[in-house]
S.K.: 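Following this message is one structure expressed as structure tokens.
All values below come from the heavy atoms of this structure, side chains included, with hydrogens, waters and symmetry mates left out.
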Amino acid sequence: MEVPEWYDGYFVDDEMWVSFQSSGGWLEIGQTAGYSEAGETNCCTLHPFIAHAVYTGSKGEIHGYEEYTWIAVDAEPTNLYKVEDAADNGNWCEYIWNSVVDCHSKSGYWSTYSDELEAGIEAASNIKPYNGGSQEVDAVAREGSHRAWTGSETSAVGELVDENGNPLPAGVMCETPNYSSNYPGNATWWIC
């Protein structure tokens, strides 16, 4: 991963998140590069991170947003990230390589089951960064069965706009099936 404008706070995240649409809020976990924080001295080192937020109010204002990046820890090229409520009690935990790194219970905001599971890339940069990888996403349904992620979308191919309403350039993301784990939606991707 390479983020040319990292010193101005630009970043690229490879992440997975669960959301609670019925009550508001989300949790995410993954790895990040760039994003000039205290102690970071280059553009390209991957670091694990977690973040979560709950929403309040009719306009979806964020309440209780927190993010933590392990600047002193380099992420491995291949990582296992997991978010789950193992006890089915609304206490959601984030894991890196099966080690719990954080747990949260947001009574009234986060239910026992999430409404949505997503994985992908989040990027903020004026100069095209480099990022590429592959992912395998698995969801456990309420009755306990494992389900392959059912689809992949590329939402940065002329479909999105920036904060001023200007269209993003077409062809930002390229994506193919992940042939080493060929379940629907498992993807290999890169910034074109």
Side-chain angles (χ1 to χ4, degrees), residues 1 11-33 35 37 45-57 60-123 131 133-153 155 175 177-189:
M1 189 182 292
F11 66 93
V12 175
D13 291 347
D14 300 328
E15 60 192 29
M16 175 181 70
W17 61 95
V18 294
S19 63
F20 306 90
Q21 296 170 346
S22 57
S23 56
W26 48 263
L27 290 100
E28 70 182 9
I29 188 169
Q31 54 197 24
T32 188
Y35 199 41
E37 292 190 22
T45 304
L46 297 172
H47 301 288
F49 80 95
I50 57 172
H52 69 269
V54 295
Y55 297 110
T56 59
E61 295 91 1
I62 293 179
H63 173 73
Y65 175 82
E66 293 181 19
E67 182 173 338
Y68 182 76
T69 302
W70 284 269
I71 293 297
V73 177
D74 294 349
E76 298 175 28
T78 302
N79 282 298
L80 172 64
Y81 296 106
K82 181 169 62 171
V83 178
E84 76 174 337
D85 177 3
D88 294 333
N89 62 4
N91 187 31
W92 286 83
C93 295
E94 295 147 313
Y95 301 78
I96 301 174
W97 288 112
N98 292 319
S99 296
V100 175
V101 294
D102 204 19
C103 291
H104 301 280
S105 182
K106 302 290 183 189
S107 180
Y109 292 103
W110 297 347
S111 60
T112 302
Y113 301 104
S114 68
D115 298 307
E116 192 170 25
L117 165 66
E118 295 185 33
I121 301 170
E122 181 180 353
N131 187 25
S134 61
Q135 63 196 35
E136 299 176 40
V137 181
D138 177 36
V140 179
R142 292 180 183 184
E143 81 281 352
S145 66
H146 288 263
R147 296 182 182 172
W149 189 39
T150 57
S152 59
E153 296 179 16
S155 58
E175 174 177 288
N178 180 345
Y179 293 107
S180 64
S181 180
N182 198 20
Y183 290 100
N186 285 352
T188 298
W189 40 261

S.K.: So, E66 and Y68: side-chain donor and acceptor under 3.5 Å apart, yes or no?
M.R.: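 No pair is found: no donor N or O on one side chain lies under 3.5 Å from an acceptor on the other.
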S.K.: Got a second to check how far Y81's OH is from E15's CD, nearest 0.5 Å?
M.R.: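 It comes to 11.0 Å.
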S.K.: Within the 4.5 Å heavy-atom criterion, are W17 and V83 side-chain neighbours or not?
M.R.: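 No. Closest side-chain heavy atoms not under 4.5 Å.
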S.K.: List for me each residue that meets salt bridge (charged side-chain N to carboxylate O under 4.0 Å, His left out) alongside E84, sequence neighbours excluded, and say none if there are none.
M.R.: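 So E84 forms a salt bridge (charged side-chain N to carboxylate O under 4.0 Å, His left out) with K82.
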S.K.: CE/M16 to CG/L27 distance, rounded to the nearest 0.5 angstrom?
M.R.: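 If we round to the nearest 0.5 Å, M16:CE and L27:CG are 10.0 Å apart.
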S.K.: What's the shortest heavy-atom distance between S114 and V18, and which atoms?
M.R.: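 The pair with the smallest heavy-atom distance is CB-CB, 3.9 Å.
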S.K.: As an exercise, state the distance from CD1 of I29 to CG of L80, rounded to the nearest 0.5 Å.
M.R.: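 Answer rounded to 0.5 Å: 9.0 Å.
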S.K.: Kindly compute the distance separating CG (D88) from OG (S111), expressed to the nearest 0.5 Å.
M.R.: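 One gets 10.5 Å once the value is rounded to the nearest 0.5 Å.
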S.K.: Mind checking ring-ring contact (aromatic ring centres under 6.0 Å, His included) for W97 and listing every partner two or more places apart, or none if nothing turns up?
M.R.: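 So W97 forms no ring-ring contact (aromatic ring centres under 6.0 Å, His included) with any residue.
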S.K.: Please enumerate all residues that pass side-chain contact (heavy atoms from CB on, under 4.5 Å) together with N131, with sequence neighbours excluded.
M.R.: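 By the side-chain contact (heavy atoms from CB on, under 4.5 Å) rule, N131 matches M1, V12, D14, I121, W189, I191.
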S.K.: Parallel, tilted or perpendicular: which one describes the rings of H104 and H52, with boundaries at 30° and 60°?
M.R.: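 Ring orientation, 0 to 90° scale: tilted.
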S.K.: What distance separates I96 CD1 from F49 CZ, expressed to the nearest 0.5 Å?
M.R.: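 These two atoms lie 9.5 Å from each other.
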S.K.: Apply ring-ring contact (aromatic ring centres under 6.0 Å, His included) to F11 and list each qualifying residue two or more places apart in sequence or on a separate chain.
M.R.: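 Y35.
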S.K.: Check A51 against E94 and note the closest heavy-atom contact, atom names and distance.
M.R.: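 Shortest heavy-atom contact: O-OE2, 3.6 Å.
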S.K.: Just jot down the side-chain hydrogen bond (donor to acceptor under 3.5 Å, both in side chains) partners of S145, sequence neighbours excluded, or say none.
M.R.: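 Counting only residues at least two positions away or on another chain, S145 forms a side-chain hydrogen bond (donor to acceptor under 3.5 Å, both in side chains) with E143.
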S.K.: Looking at CZ of F20 and CH2 of W26, how far apart are the two atoms once the value is rounded to the nearest 0.5 Å?
M.R.: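 The CZ atom of F20 sits 11.5 Å away from the CH2 atom of W26.
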S.K.: Who pairs with D85 by side-chain hydrogen bond (donor to acceptor under 3.5 Å, both in side chains), at least two apart in sequence or on another chain?
M.R.: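 Testing D85 for side-chain hydrogen bond (donor to acceptor under 3.5 Å, both in side chains), a comparison that skips the adjacent residues, returns none.
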S.K.: So, for N91 and C103, which heavy atoms are closest and what is the spacing to 0.1 Å?
M.R.: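 Distance-wise, the nearest heavy atoms are OD1-CB, 3.9 Å.
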